[in-house]
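Order of the sequence lines fixes the chain letters, A, B, ..., with proteins taken first and strands second; residue numbering starts at 1 for each chain. Because only heavy atoms are used, hydrogens play no part in the values below, and waters and symmetry mates are left out as well, while side chains stay in.
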Amino acid sequence: MTILIDKKTRILVQGITGREGYFHTQAMLDYGSSVVAGTTPGKGGQEIEGLPVFDSVIEAKEQFPKLNASIIFVPARFAADAATEAVDAGIKVVTVITEHIPIHDEMRFIELARRQGSYVVGPNTPGIISPGQCKLGIMPAHVFTPGRIGLISRSGTLTYEVAASLTDAGFGQSTAIGLGGDPIVGMSFVDALKLFEEDKETDATVLIGEIGGSAEEEAAIFIKENISKPVIAYIAGRTAPKGKRMGHAGAIVSGKTGTADGKIKALRKAGAIVIDRPIDVDEALQKIL
Amino acid sequence: MTILIDKKTRILVQGITGREGYFHTQAMLDYGSSVVAGTTPGKGGQEIEGLPVFDSVIEAKEQFPKLNASIIFVPARFAADAATEAVDAGIKVVTVITEHIPIHDEMRFIELARRQGSYVVGPNTPGIISPGQCKLGIMPAHVFTPGRIGLISRSGTLTYEVAASLTDAGFGQSTAIGLGGDPIVGMSFVDALKLFEEDKETDATVLIGEIGGSAEEEAAIFIKENISKPVIAYIAGRTAPKGKRMGHAGAIVSGKTGTADGKIKALRKAGAIVIDRPIDVDEALQKIL
Amino acid sequence: MRLFEYEAKEAFHQVGLPLPPSGLATTAEEAAKIAKELGGPVVIKAQVLAGGRGKAGGIKFADTPNEAKSVAEELLQMTIHEHAVHRVLVEQRLEIQQEIYLGITIDRSQRRPVAICSAMGGVDIEQVAEAHPEKITRFWVDPIFGLRDFEARNIAKNAGFEGKAMIQVADMLLRLWQVFIRNDAELTEINPLIVTTKGEYIAADARLNIDDNSLFRHKTLAERVSSGISEQTELEQRAQKAGMTYVELEGNIGIIGNGAGLVMATMDAVKYYGGAPANFLDVGGGATAERMSQALDIVLSHPDVEAVFINILGGITRCDEIAQGIVDAQPKLPRKVPIVIRMIGTREKEGAAILEAANIPFLDSMDTAAKRVVNLVSEVDSA
Amino acid sequence: MRLFEYEAKEAFHQVGLPLPPSGLATTAEEAAKIAKELGGPVVIKAQVLAGGRGKAGGIKFADTPNEAKSVAEELLQMTIHEHAVHRVLVEQRLEIQQEIYLGITIDRSQRRPVAICSAMGGVDIEQVAEAHPEKITRFWVDPIFGLRDFEARNIAKNAGFEGKAMIQVADMLLRLWQVFIRNDAELTEINPLIVTTKGEYIAADARLNIDDNSLFRHKTLAERVSSGISEQTELEQRAQKAGMTYVELEGNIGIIGNGAGLVMATMDAVKYYGGAPANFLDVGGGATAERMSQALDIVLSHPDVEAVFINILGGITRCDEIAQGIVDAQPKLPRKVPIVIRMIGTREKEGAAILEAANIPFLDSMDTAAKRVVNLVSEVDSA
């Protein structure tokens, strides 16, 4: 089993006629994901890679009632509307690749999704992959391999780094989720940990955090109280200075909040194994599994 | 039995320190209604007629957890906030006496109430009375008497006129509801008819409509399909011209919509007995009960 | 409150809705000057607070400044549905490829704003709704969320627009939504929204009715109301200032009552017995003797009134105040006509005493009173 | 983006928040003139985009125009936390009865705006939060509904305000909410909100940080950014214009990588082996040879850099583009320093061929590469 997406996932690409949307539609199809349709307002009726393009999500959903996931490549100023449209149409997993969406817009569509019971993954995420079953994202697929380790990360390339280490060491992944690099994101470590805990085919979870916010501290509290499976954690940004955004809009130490040290301490206290280098994930897993 | 309010109703008066709020608090207490507290922001800590005044509904609710109804005498520009506050605090029956509330504000708090499962009675209503049990309104109580007829009306004084006729003829009322004279009101004829149909101690319902909108036409459709108890209807405004507001903001014939004739025809078709004069209610009831 | 076209267009301009180049004129000379500045053919539109302006001849065309002058002169002397034309809007004439209807109003039964779009614009939308209901797309907007971009596109799509036209129509609808929200509108319309032969989308006409109850949030407009520019007759304005609602009708029996529903029922009762109401007058809740006295004066200022029916069911309104008002009014009344009074409710005994002391009779049944007033007028008429 | 105090106050003014009478001066003479116009004692505040201005001596008082002149002169020559003072705000000095804190920011974990109120204003709110957590009231606002009037009153009440003070504080908080919404704020604060001895409520200081991602909706502010007024260093601005993120640090090993998390991990790895990163540079996804070349140039413009570690894990980013960028940069580099490259992922073979052809060595393990670059720098230092 996997979480969020699997072989049955039917994908809608929002912004399919754009450069990025088109490129990654091909890549997802190449991976074997069931991309069934796309949208670009004003371009309904076209075809992209043999897939129908619709003006709206609701039209796509009428034609393909099994649509249950969407991936958004729409430019930042229109992305919130696209996410709202997907949630409103009842899409259950809405993955927002787009970076630079205004934070006020994000708060509103994430709140809406919460009320309607949809998962928002991102914004500013590489997406989700359940290796061998479905790729709903822009990650390079070759570093992932099917298996029993769950991977949750706030960072894109660092996810690939860790996934590559895991794959090299023979630890495949059940599902890998990029939570997104923005200060406000839909799905949190806690949400993902809960799903991996319930997933019978995940044995342990690797959590890749970074400076900024308190998502890792909240994860620690949740791990302590609710998670029985082993958690291995890596936190990036130990050497980052205060008050500076480190690339990701969300990666910033504000006052005493969001330091790597604070997160590492909290996770250790909660019983997670915190590793110092991505490469150490192999050894850590060997010990516990 | 009655609908919406009864002996167990615990009332909060919003705007209790104002002239109207104060006057009608006394009148409701005189009638025997259980008014338990009031609010006026900035005047928390005072007492009115021995009742505590709070700054907020939430404070009142904390002190009196059984509070389940509110009546609003707040000036028009603050009334929408008061209604929102009551709905947000979980008050089940929110009666808005205030007239001249902006219609955009009304749409928003009525929508909120719908989502939260509260009834909004009004705005611009005389309120509700379950004779002998509870008066949550500003109507002159002496024209009402306990009994088994339900009364639903869009007009204040006309309700008293009909209630007086009923009382004189020996027909008491289970509950009488003023829906309010604004174009947009919370509770509709349909909502009230549904409650009277379910109420074991209501034998028949008198519906007092007027020109404007299509609430009576919608009631007619509902009566035909869902109501087994007799309905007697009176529609005011047969002689009203097109395009003029007849006192109530909602009493206006727009194009072909909202005419008395249209409403009368629809109600007759649905099996309601439509009377020509308020005084005829007596005879109509004698025939059917 | 209905706004003039040029006022509605100012509100449209504020949200970036494209409009034809134009100028407002109060004289024929000004109109000619604007036409000259605009260059080319113009359309000149009477600015009145009334519907059906086009059919009444309030919209005219002119090809030259001279022609504009004579056309404006003509319009500025017109009266449309009893409204004198004080201003004309001179606009560049557009070359029309298509006419679209866009509107947002409030659906009473759904308790929500409803956005309406039709590819058949330029004519009365209610006629389209009757003849071609399938040509009209309606969408009910959640009042908490507001109209969202994708919803606007869906509306345009459902109304038959594709590709860039869909995007354009949706964009204009979203801007119209801003007009609706910012101005507390009861109704706002672009009819027609014109697609020019060059493919531009332009709001050729503009309608905007504002909720009177929201005027405290719209100070400039509130001032206009207080300055007396309105659709109401003089007597209606006088009543409003006194806190009452008065509507002029065509009969000869003056009607005064407390509560809108009761007054309507009173009119209906008069009609039931063969009479014809001359007006609707609701003195409102808790009327004082002073206000009652004013009410009588207003009703009798209408020359057709031959008798007055006062119907009071006292609740908040006190019968003694009403009775005192009737007594006080007697010496000041513009003329003597028979007055039939029905009065019951709060303080009815005290009120009765006042009337009896002044030798003014009254009844306690609305029905009997209606019959009596109708008979009195018949006697007068046959006398 | 952080606004200057005077800019934040302009935003405050637009929603009707009461402010002290004031004027903005760029010279001592102007400051004196403003002080004269205001009359009475003034406070003169350095306008810089940095916190801790008060402690750094950037706020001074003056009783006369002459004194204002000399104080302004002094301030205009200051540099506060590396920011030169170009403007001072001259404000009427208020007679203080009470200082209150009001703020609205975004709570990342709740994914909602949080409104914060405290009767202990005028000091750093984070210190109050630590020393007297019970003196701070927080309320999480529903981003769909927005802050509602009754909620604002509840916040003020919970913060200890009663009666008219509660109404006043709530009113100011609602206006601050308007500032927050209209300006796409990440943070807005009134600290202190002053209650004068006359009982007036006045926003004495103003803070407003705007979400950079929203600048397309705020054209005036976007222009300010493009005109170069910002908190960033020159190199940081250069990187931003080139579409990269660069942060200056205090070490001597330049870091370049693709992806924020990977670059942070690279810095951490360097530190793990005893090295010190000189910067953070994320070339971003899908970097071209051109951009890679610029990245090297920016990193080497920092004089402390003694070696560079390039860490690429190709995904969208193609190793051949990166390799080509490194090769192209060689002849143009400001100076020669050892460069350690780790490169794997998309098109790694093609990239490898390019580097090999140019005789540039590279590795495939981040860990090995980190160790190597640290060793190289130690050799340089000990040489």
Chain D contact via Leu112(A) - side chain, backbone, both or neither, heavy atoms under 4.5 Å: both
Please classify the contact between Asp212(D) and chain A as side chain, backbone, both or neither, with a heavy-atom cut-off of under 4.5 Å. neither
Between Asp81(A) and Thr84(A), is any side-chain donor less than 3.5 angstrom from a side-chain acceptor? no
Is Leu313(D) in contact with chain A via its backbone, its side chain, both, or neither, using a 4.5 Å heavy-atom distance? both
Val185(A) versus chain D, the contacting section by heavy-atom distance below 4.5 Å: backbone
Where on Glu130(D) is there a heavy atom nearer than 4.5 Å to chain A: the side chain, the backbone, both, or neither? side chain
Under 4.5 Å from any heavy atom of chain A, what part of Ala265(D) do you find: side chain, backbone, both or neither? both
Under 3.5 Å, is there a donor-acceptor pair between the side chain of Thr346(D) and the main chain of Gly314(D)? yes
For chain D, which of Ala249(A), Ala240(A), Gly186(A), Ala251(A) has the most heavy-atom pairs under 4.5 Å? Gly186(A)
Looking at Met244(D), Met267(D), Lys271(D), Gln110(D), which one has more heavy-atom pairs under 4.5 Å with chain A than the rest? Met267(D)
Taking Met139(A)'s backbone N and O only, do any of them form a donor-acceptor pair with Lys135(A)'s side chain (distance below 3.5 Å, no angle check)? yes
With a 4.5 angstrom heavy-atom cut-off, which part of Ile312(D) approaches chain A: side chain, backbone, both or neither? neither
Contact part of Arg277(A) toward chain D, heavy-atom cut-off under 4.5 Å: side chain, backbone, both or neither? side chain
Between Asn311(D) and Arg342(D), do the side chains contain a donor N or O and an acceptor N or O under 3.5 Å apart? yes
For a salt bridge (charged side-chain N to carboxylate O under 4.0 Å, His left out) check, start with the C-alpha distance between Arg112(D) and Asp142(D), then their side-chain angles and the critical distance, and finish with the verdict. CA-CA 7 Å; Arg112(D) 287 187 169 208; Asp142(D) 185 311; 3.7 Å; yes
How about Arg238(A): does its CZ atom have over 12 heavy atoms from other parts shown lying under 6.0 Å from it? yes
Quiz question: by atom type and distance under 3.5 Å, do the side chains of Glu210(A) and Ser155(A) form a donor-acceptor pair? no
Cut-off 4.5 Å, heavy atoms of chain D, and the answer for Arg245(A) is both
Selection from Ala27(A), Ala76(A), Gly250(A) maximising heavy-atom pairs under 4.5 Å formed with chain D: Gly250(A)
Winner by heavy-atom pair count (cut-off under 4.5 Å) against chain D, out of Met107(A), His104(A), Glu111(A): His104(A)
Donor-acceptor contact present, side-chain Glu283(A) to main-chain Asp280(A), <3.5 Å: no
Check: Gly286(D) main-chain N/O paired with Thr317(D) side-chain donor or acceptor under 3.5 Å: yes
Residue Glu161(A) versus chain D: region with a heavy atom under 4.5 Å: both
Side-chain donor-acceptor pair present, Asp282(A), Gln286(A), cut-off under 3.5 Å: yes
Could you look at Phe109(A) and say if it's the side chain, the backbone, both or neither that has a heavy atom under 4.5 Å from chain D? neither
Portion of Pro183(A) that has a non-hydrogen atom of chain D nearer than 4.5 angstrom: both
With only heavy atoms counted, which part of Asp367(D) is less than 4.5 Å from chain A, the side chain, the backbone, both or neither? side chain
Given the options Glu186(D), Glu126(D), Met366(D), Arg217(D), which has more heavy-atom pairs under 4.5 Å with chain A than any of the others? Arg217(D)
Can you tell me which portion of Ser214(A) sits under 4.5 Å from chain D's heavy atoms? Options are side chain, backbone, both or neither. side chain
Is Asp211(D) in contact with chain A via its backbone, its side chain, both, or neither, using a 4.5 Å heavy-atom distance? side chain
Please answer whether the main-chain N or O of Gly21(A) pairs with a side-chain N or O of Thr25(A) as donor and acceptor at a distance below 3.5 Å. yes
Using heavy-atom distances under 4.5 Å, tell me whether Ile103(A) contacts chain D through its side chain, its backbone, both, or neither. both
Between Asp268(D) and Thr266(D), is there a side-chain donor-acceptor contact under 3.5 Å, judged purely by atom types and distance? no
In terms of heavy-atom proximity below 4.5 Å to chain A, should Ser214(D) be classed as side chain, backbone, both, or neither? both
Go through the steps for Ile223(A) and Ile221(A) under the test side-chain contact (heavy atoms from CB on, under 4.5 Å), then give the verdict. CA-CA 6 Å; Ile223(A) 289 167; Ile221(A) 294 169; over 6 Å; no
So which of Gly247(A), Pro102(A), Pro140(A) has the biggest tally of heavy-atom pairs under 4.5 Å with chain D? Pro102(A)
Determine yes or no for a side-chain-to-main-chain donor-acceptor pair under 3.5 angstrom, with Thr145(A) supplying the side chain and Thr167(A) the backbone. no
Ranking Pro277(D), Ala185(D), Ala269(D) by heavy-atom pairs under 4.5 Å to chain A gives rank one to Ala185(D)
Ignoring hydrogens and angles, state whether a donor on the side chain of Asp182(A) or Asn124(A) is under 3.5 Å from an acceptor on the partner side chain. yes
Which portion of Phe180(D) sits near chain A, non-hydrogen atoms under 4.5 angstrom: both
